[in-house]
Structures are given as C-alpha cells and as structure tokens.
Amino acid sequence: MEPMMDDPSFWTAMMTLRDPAYREPTDDELLKLEDDVADAAHELARAISTRESAYRANGQEVPNGVVTSPDWGLSYLYALHEIDGIVKRLADRYARTAGATGATYAHLGAAWGGITKQAARLRWPGAVRKPTDLADGAEPFELRLAGGLAEIIQLPDEQGFVWEATGADGTSGQGREPYGSRTEAAAYAGAFLARHTKAYDHDPVHAECIEPHYTADGYADCDGRPL
C-alpha cells in the first residue's frame, strides 16, 4: 500500500536526511553506466553524422567502418559534449533540490566526488538554504512532476509558502493563499501538475481543480487517481 501522504510523520521522515544517503556503486554498476553513456553518445553521433546522413539519403546501408572516419569521431565527440552539458544541468538541479531540503555543502561536496564544502559552495552558490531563509534574495524550491514545473516560494517575514506552476499541457496556476509549510505547498502544487499533463484525460468539470483530495490511501486527484 502507498504510504499515507497526509500523515505528518510521512513527510517528517521524507525530509529527514538519511545518513549515509547512498552506497558506493559496484564495478559492474559503473561499467553498465559507462556502457549506457557510450550507447547514448553513439546514437546521437549516428543521427548527426553528415557521412551517415549521406549514405541514408542515397538509400545505401551505412557500413560499419564509418565509425573509423575522423568526421564520425568528431560527431561522437560533439555528442559527448552535449552529454557533459546535460550532466552539468542535472547536477545543478539536484544539488539545489538537495540543498533546499536539508543537505549541507559538505554533503554536496562528498556526493560530487569528494570536493570540499568550499568548492561545493563555489560550484552551487545559494544552493543550501536554511529554514529561516526568506524569499528575498533566495531562489524558490523547484518541484518537477509529470512534465511540469512548480516553484515553492517562502514569503518574507515567515508569512508562509506559496506556489506557482505550469503543467506539461501549458496550463499555469498558483496557490490561492499562503500555506503553513513548504511540504503543504508542494502537495498542492503536485496535485496541480498531476492534473495538467499532456496525456491526462479528466472530467472538464474539474479542469481548474488544484487541490489534492485526501483518501484512505493518501493524496488523490479529483478523479480519485493517486498522486
């Protein structure tokens, strides 16, 4: 059974940093990761290689030896560069998510190959936020769900939290009033994002519904589907 998400103890446990947060990966796991990255780069290189494109445009089968050409090697290198950029963007996103919910710069540094907390602070300035940080000068906490994005913002002078979101279907919305905690605001924002996906087919009567509903199994949307 899904955990009772309307139970405060669930959120208390979820927002408590577990130590250790992760284990060291095995050699087999690292080798599989390397193979997966190599395969992803290979797929992109094949798609963007002008040499391969010329073969396909002429209706010819691409020979295996094409990978030995210097221009195909440059295509592969370009693909690796794109992967490197994606890794940096994902690292920035998850460092800020972890920092906004309890991780310290020491934790971020340890997770990023054992760099110092000072180096982590330079790499992700402003990522670690104290519970007393206010909205002024502080970045919102981001919640990504079902292809949409919500921002949980703390109001000045500890007046609560609000949210603004745009679902995957392009619909935008915001909280009607401040919430008492970041967790509560995130629950309402998550309900909105879950209802505004590109593929979600729901009753038009509830098209503007943004409030999660509480059931015996936790949060659910207006149609009774668990969030």
Side-chain angles (χ1 to χ4, degrees), residues 2-3 14-57 60-117 119-125 127-128 139 141-151 166-169 186 190 193-194 196-200 226-227:
E2 289 292 322
M14 191 61 61
M15 294 300 174
T16 300
L17 182 65
R18 177 173 292 188
D19 188 19
Y22 49 85
R23 62 169 176 79
E24 291 292 326
T26 65
D27 290 342
D28 286 343
E29 288 168 337
L30 290 175
L31 286 173
K32 182 180 183 304
L33 176 62
E34 183 174 345
D35 287 343
D36 289 344
V37 173
D39 288 344
H42 188 272
E43 182 178 354
L44 180 57
R46 291 202 61 189
I48 64 177
S49 167
T50 55
R51 185 180 293 270
E52 286 211 29
S53 297
Y55 278 108
R56 290 191 289 268
Q60 297 175 291
E61 183 177 348
V62 179
N64 292 332
V66 72
V67 299
T68 63
S69 67
D71 46 88
W72 198 95
L74 291 175
S75 298
Y76 192 86
L77 185 62
Y78 186 95
L80 290 174
H81 170 74
E82 290 300 309
I83 289 174
D84 182 59
I86 292 170
V87 168
K88 290 177 180 177
R89 290 193 294 275
L90 289 175
D92 182 73
R93 178 188 305 172
Y94 283 96
R96 295 185 183 283
T97 298
T101 52
T104 66
Y105 277 114
H107 291 128
L108 298 183
W112 196 249
I115 64 175
T116 66
K117 64 180 181 181
R121 184 179 289 107
L122 289 173
R123 187 178 188 91
W124 299 296
V128 173
E139 295 184 7
F141 169 65
E142 292 186 348
L143 173 66
R144 296 176 184 272
L145 179 67
L149 172 65
E151 292 185 333
T166 301
D169 63 359
L193 293 178
H196 291 285
T197 67
K198 291 181 179 179
Y200 191 69
L227 298 175

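It should be emphasised that the depicted structure is a prediction, and the values quoted were computed from it without experimental measurement.
- Judged as a side-chain hydrogen bond (donor to acceptor under 3.5 Å, both in side chains), and not counting sequence neighbours, the contacts of E29 are R23, T26.
- For the salt bridge (charged side-chain N to carboxylate O under 4.0 Å, His left out) test, no residue two or more places apart in sequence or in another chain qualifies with D19.
- For the atom pair CZ (R123) and CD1 (I115), the distance works out to 6.5 Å, reported to the nearest 0.5 Å.
- Remark: K117 engages no residue in a side-chain hydrogen bond (donor to acceptor under 3.5 Å, both in side chains) (not counting sequence neighbours).
- Other residues, nucleotides and ligands contribute only 12 or fewer heavy atoms inside 6.0 Å of the CD atom of E34.
- With sequence neighbours excluded, the residues satisfying side-chain hydrogen bond (donor to acceptor under 3.5 Å, both in side chains) with D84 are K88.
- To the nearest 0.5 Å, the span separating CG on D169 from CG on L193 amounts to 9.5 Å.
- Here the shortest heavy-atom pairing between L30 and P25 reads CD2-CG, 3.6 Å.
- Around atom CG of D27, no more than 12 heavy atoms belonging to other residues, nucleotides or ligands sit under 6.0 Å away.
- One finds the CG atom of D39 at 8.0 Å from the NE2 atom of H42 (value rounded to the nearest 0.5 Å).
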Donor-acceptor pairs under 3.5 angstrom involving side-chain atoms of residues 62-80: please list them, not counting sequence neighbours.
{"unit_1": "T68", "atom_1": "OG1", "unit_2": "G65", "atom_2": "O", "d": "2.6"}
{"unit_1": "S69", "atom_1": "OG", "unit_2": "R51", "atom_2": "NE", "d": "3.4"}
{"unit_1": "S69", "atom_1": "OG", "unit_2": "V66", "atom_2": "O", "d": "2.8"}
{"unit_1": "S69", "atom_1": "OG", "unit_2": "D71", "atom_2": "OD1", "d": "3.4"}
{"unit_1": "S69", "atom_1": "OG", "unit_2": "W72", "atom_2": "N", "d": "3.2"}
{"unit_1": "D71", "atom_1": "OD1", "unit_2": "R51", "atom_2": "NE", "d": "2.9"}
{"unit_1": "D71", "atom_1": "OD2", "unit_2": "R51", "atom_2": "NE", "d": "3.3"}
{"unit_1": "D71", "atom_1": "OD2", "unit_2": "R51", "atom_2": "NH2", "d": "2.7"}
{"unit_1": "W72", "atom_1": "NE1", "unit_2": "E52", "atom_2": "OE2", "d": "2.8"}
{"unit_1": "S75", "atom_1": "OG", "unit_2": "D71", "atom_2": "O", "d": "3.2"}
{"unit_1": "Y76", "atom_1": "OH", "unit_2": "A38", "atom_2": "O", "d": "3.4"}

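- The CH2 atom of W112 lies 11.0 Å from the CG atom of L108; values are rounded to the nearest 0.5 Å.
- For D28, there are no side-chain hydrogen bond (donor to acceptor under 3.5 Å, both in side chains) partners, not counting sequence neighbours.
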